[in-house]
2 protein chains.
Amino acid sequence: MTRKSHSITIRDVARQADVSVATVSRFINRNAPVSAEVAERISKVMTELNYVPHAAARHLATRRTRSIGLLLTTINYDFFSPLLSGLEKVVAENHHNLLVATYRADLRKEYPPPVGPHNTDGVVIFADAVKEDQLAQWHRMNFPMVLVHRTPPPHLNIPYVTVENKAASRRIVDHLIEVHGRRHIVFTRGLVDHEDSHWREMGYKDALEAHGIAYDPKLVVNGEFDREVTYREMKTFLSNNHPVFDAVFASDDDSALGVIRALQDVGMSVPDQVSVVGFDDQHFSCILPLPLTTVRAPTEAVGRAAGQQILNMILGEPAEQKILLPTEVVIRQSCGCSARKSMPKEVIAQKR
Amino acid sequence: MTRKSHSITIRDVARQADVSVATVSRFINRNAPVSAEVAERISKVMTELNYVPHAAARHLATRRTRSIGLLLTTINYDFFSPLLSGLEKVVAENHHNLLVATYRADLRKEYPPPVGPHNTDGVVIFADAVKEDQLAQWHRMNFPMVLVHRTPPPHLNIPYVTVENKAASRRIVDHLIEVHGRRHIVFTRGLVDHEDSHWREMGYKDALEAHGIAYDPKLVVNGEFDREVTYREMKTFLSNNHPVFDAVFASDDDSALGVIRALQDVGMSVPDQVSVVGFDDQHFSCILPLPLTTVRAPTEAVGRAAGQQILNMILGEPAEQKILLPTEVVIRQSCGCSARKSMPKEVIAQKR
DNA sequence: CCGGTTACAGTAACCGGTTACATTATGACA
DNA sequence: TGTCATAATGTAACCGGTTACTGTAACCGG
């Protein structure tokens, strides 16, 4: 209110340095030669006046915001920490800003996305944070986008970066079958609209089929990538008369925790009676009482790659249509493999 | 480049709806009466044209960006996930945007802070992300700021929100002394410039003094709030001839992990020989092989409070000068208290 | 010495909104 | 009926930068 805020402008600098605003602008942006003498004068006045160019004015004139948006469904989840970290790093290195926003489904009717062409030069979109029609519209107007942990809808060639879900899921379920002789494997599904969940389930099915095991929909439990939900659903599963099972492939590490707890509740021992494996290799997975056998997803690298991509697109340089980062099965003990006697080395070595 | 981007402007809408730009503006901002008939027309044209006001133009005209900045030293740390989550929630609820930026010390010489008055209507500053002279300058120009996990320098009455460090540290060290009879307690210090670390050390000293135990600087180890650093420093500590000790108060949970690993390396048993306690109650702390006795810091609430504060300041409403959120000692097993037989309930119940 | 290039600098239009001020129509009230 | 408040709308200046266009002086090869 009444922020008269005699903010000092480029004209103040120009006047004080006895040059034109154009010259000051050129000096700031180094996009045209300025004599050493004048440069010196401008520079001095700028620090004297503590001048910082007004971003909005610059944006308006250049039609570039130098900021990129990140659209998430939620932040409240450890998973996003490395993603954000990787993204912010490359965005900052390239002198851009990062606008982080969530766009929950219930807001979609009433408001347009909080970040978009009006706001940013491009956006990174996680999973199903925005709907297809919005993607299509932005695509039509050539607005730079990179999808993360999802693929574009058909006929929209929007670059995306995600991780190898299916093959790794296949391998970790193979491990359960081949090494531990498990044949009745529960899958706790993630969020239904989530491609990660879909492909992890595909990998699961693949593994079953490859070993001549029939897919039994009764062995699939909903978990929503959530520890608590998975716990509840597993309890329900266990309290009804359920098919025999001897292993659980949880769609992520967090839900694996819910699974383990539910099993312990009813007195089933992990990993002796039931092997449990997860996905993601989150920060906590290696330091659990029963270190989790899981699939390592390079989430920080996903963030970096997405940042690199969106910056390329903004600069008009070519972007990869598809970046699929490799994942890796990490054998620990929750599947039944032998225990080490102390906390694993990686507790320490693991990059934060 | 050559993004001709015939972005549709308010004048396009005005022309098509056969009204003036002022009327359209008034309709959009609902800050002056517009006849129902005209409103209808404008509304229709707007959706037809898919018009979204250009943020920069609006910012320039109103001198308000409707976005608030968050300045961190680093993101790569699970600790920030709940902070961000809480902050983003209230910022979004109040129709503002969140600009997340890191400002590492090595950038400070060369660049001004990536977020500031040129960019945002106010900033939330974590710990020592910006230096005192910068704080002073912003304060002088009345730029809204809220400090988080730090207090303002003397004579700058900048509102801050942080957690109760000293009293809780005192209590958890009391616990070590009174319940477990420990009297030779190592403290692994956090980052030296970090107030949290400072006050946690003060609480530690208080507890010692209250029990007539002399403070021994040889029992203080540097840890920098970092698992790996703490591990290394503890190893160094243990390999030189060190004073006898029977407990460790780590300045945060992450470093407690490093401590435990270092102790296990040299064959000391936790908690039998040495009690270990931490601070923060991070997401993983309750699911460790040895669940950590620690102090719960309400980090998500800190984020929410900071958001509320900065929004108040921006709206010119009064802000609390100081918000000190309570912390709570959480007794688990790493101090030597009795174990429960399965994973603690809170693994499930804990809010994500 | 001349035409042409280049280095350097200034003027002013423009980016797309907001809003102070002006204008007209309308209804209320004395 | 004249006065006044109010509703509804328009005109144009302004926010603080960038940049197209223009101009001058210095420099260069012939």
Side-chain angles (χ1 to χ4, degrees), chain A residues 1-43 45-46 49-67 116-121, chain B residues 1-43 45-46 49-67 116-121:
Chain A
M1 318 291 97
T2 27
R3 272 226 264 143
K4 48 196 85 168
S5 151
H6 335 253
S7 54
I8 47 130
T9 75
I10 198 173
R11 322 223 183 225
D12 298 322
V13 177
R15 191 177 327 111
Q16 197 120 345
D18 198 34
V19 292
S20 72
V21 292
T23 303
V24 177
S25 175
R26 291 193 268 253
F27 169 72
I28 291 171
N29 298 299
R30 274 122 170 94
N31 55 7
V34 168
S35 73
E37 176 198 18
V38 168
E40 171 66 25
R41 241 168 38 229
I42 295 176
S43 172
V45 172
M46 272 179 38
L49 263 46
N50 242 312
Y51 169 73
V52 179
H54 192 285
R58 191 177 255 185
H59 297 166
L60 183 55
T62 58
R63 334 286 317 295
R64 291 205 42 194
T65 65
R66 297 201 149 272
S67 63
H118 61 291
N119 234 2
T120 54
D121 297 342
Chain B
M1 319 290 97
T2 27
R3 274 226 265 144
K4 49 195 88 170
S5 153
H6 339 254
S7 55
I8 48 132
T9 76
I10 198 173
R11 322 221 184 230
D12 298 322
V13 176
R15 192 177 325 112
Q16 198 118 345
D18 198 33
V19 293
S20 74
V21 291
T23 303
V24 177
S25 176
R26 290 193 269 252
F27 169 73
I28 292 170
N29 298 300
R30 271 116 171 101
N31 55 7
V34 168
S35 73
E37 176 198 20
V38 167
E40 170 66 23
R41 256 190 359 250
I42 295 177
S43 173
V45 172
M46 273 178 40
L49 263 47
N50 241 311
Y51 169 72
V52 179
H54 193 285
R58 190 176 255 185
H59 298 166
L60 182 56
T62 59
R63 335 284 319 293
R64 293 205 42 193
T65 64
R66 297 200 149 272
S67 62
H118 60 290
N119 234 0
T120 54
D121 298 341

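Just so we're on the same page: letters track the sequence lines, and every chain starts at 1.
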**Prompt:** Given atom CZ of B/Arg15 and atom C1' of C/dG16, what is their separation to the nearest angstrom?
**Reply:** 13 Å
**Prompt:** Side chains of A/Arg58 and A/Thr65: do they bring a donor and an acceptor to under 3.5 Å?
**Reply:** no
**Asked** To the side chain of B/Asn29, which of D/dT18, C/dG16, C/dT18 is closest?
**Response** C/dT18
**Message:** In this structure, how many angstroms lie between the C1' atom of C/dC8 and the CD1 atom of A/Ile42, rounded?
**Reply:** 11 Å
**Request:** Identify, between A/Ala39 and B/Ala61, the residue whose nearest nucleotide on DNA chain C lies closer to the 5' end.
**Result:** A/Ala39
**Any donor-acceptor N/O pair under 3.5 Å between C/dG17 base and B/Arg11 side chain** = yes
**Request:** Go through D/dT18, C/dT19, C/dA9 for me and flag the one nearest to the A/Arg58 side chain.
**Result:** D/dT18
**Request:** Side chain of A/Leu60 only, please: which of C/dG16, D/dT9, C/dG17 is the nearest?
**Result:** C/dG16
**Complete:** Under a 3.5 Å limit on both distances, the Watson-Crick or wobble mate of D/dG23 is C/dC8
**Request:** Quickly work out the B/Arg64 CZ to C/dG16 P distance and round it to whole Å.
**Result:** 23 Å
**Asked** Should B/Asn31 be listed as having a side-chain N or O under 4.0 Å from OP1 or OP2 of C/dT18?
**Response** no
**Request:** Would you check if the side chain of B/Arg26 reaches a backbone N or O of B/Asn31 as a donor-acceptor pair within less than 3.5 Å?
**Result:** no
**Message:** Strictly below 4.0 Å: does A/Thr9 bring a side-chain N or O up to OP1 or OP2 of D/dG16?
**Reply:** no
**Request:** Considering just the side-chain nitrogens and oxygens of A/Thr23, establish if one lies under 4.0 Å of OP1 or OP2 belonging to C/dG10.
**Result:** yes
**Complete:** On DNA chain D, more 5' by nearest nucleotide between B/Val34 and B/Thr62 is B/Val34
**Prompt:** Should B/Ser25 be listed as having a side-chain N or O under 4.0 Å from OP1 or OP2 of C/dT18?
**Reply:** yes
**Item:** Rounded interatomic separation in angstrom, taking CD1 from B/Ile8 and P from C/dG17
**Value:** 8 Å
**Request:** Determine the contact category for A/Phe27: base if any of its heavy atoms lies under 4.0 Å from a base atom, sugar-phosphate if only primed atoms, P, OP1 or OP2 are that close, otherwise nothing.
**Result:** nothing
**Request:** Please state whether the base of D/dG16 and the side chain of B/Arg63 form at least one donor-acceptor pair under 3.5 Å?
**Result:** no
**Item:** Partner nucleotide, any strand, of D/dG30 [Watson-Crick/G-U, under 3.5 Å]
**Value:** C/dC1
**Request:** Would you mind telling me which residue lines up with the more 5' stretch of DNA chain C, A/Ala36 or B/Arg26, judged by nearest nucleotide?
**Result:** A/Ala36
**Request:** Compare every heavy atom of B/Val13 with every heavy atom of B/Val24, then report the nearest pair and how far apart it is.
**Result:** CG1-CG1, 3.9 Å
**Request:** Let me know the distance between CD1 of B/Ile10 and P of D/dG10, rounded to the nearest Å.
**Result:** 12 Å
**Interatomic distance where CG belongs to A/Asp12 and C1' belongs to D/dC15 [whole Å]** = 13 Å
**Prompt:** With respect to the side chain of B/Pro33, which nucleotide from D/dA8, C/dT18, D/dG17 is positioned closest?
**Reply:** D/dA8
**Gap between atoms NE2 and P, on B/His54 and C/dC14 respectively (whole Å)** = 17 Å
**Prompt:** Which atoms form the tightest heavy-atom contact between B/Pro53 and A/His118, and what is the distance?
**Reply:** O-CB, 3.4 Å
**Prompt:** Whom does C/dC15 pair with, Watson-Crick or G-U wobble, provided both distances fall under 3.5 Å?
**Reply:** D/dG16
**Prompt:** Between A/Ser35 and C/dA9, does any side-chain N or O lie under 4.0 Å from OP1 or OP2?
**Reply:** yes
**Fill in**
To the nearest angstrom, the NE2-P distance between A/His59 and D/dT19 comes to 13 Å
**Item:** Expected output: side-chain A/Thr23 to main-chain A/Val19 donor-acceptor under 3.5 Å
**Value:** no
**Item:** Smallest separation among heavy atoms of A/Ala57 and B/Leu60, with atom names
**Value:** CB-CD1, 3.7 Å
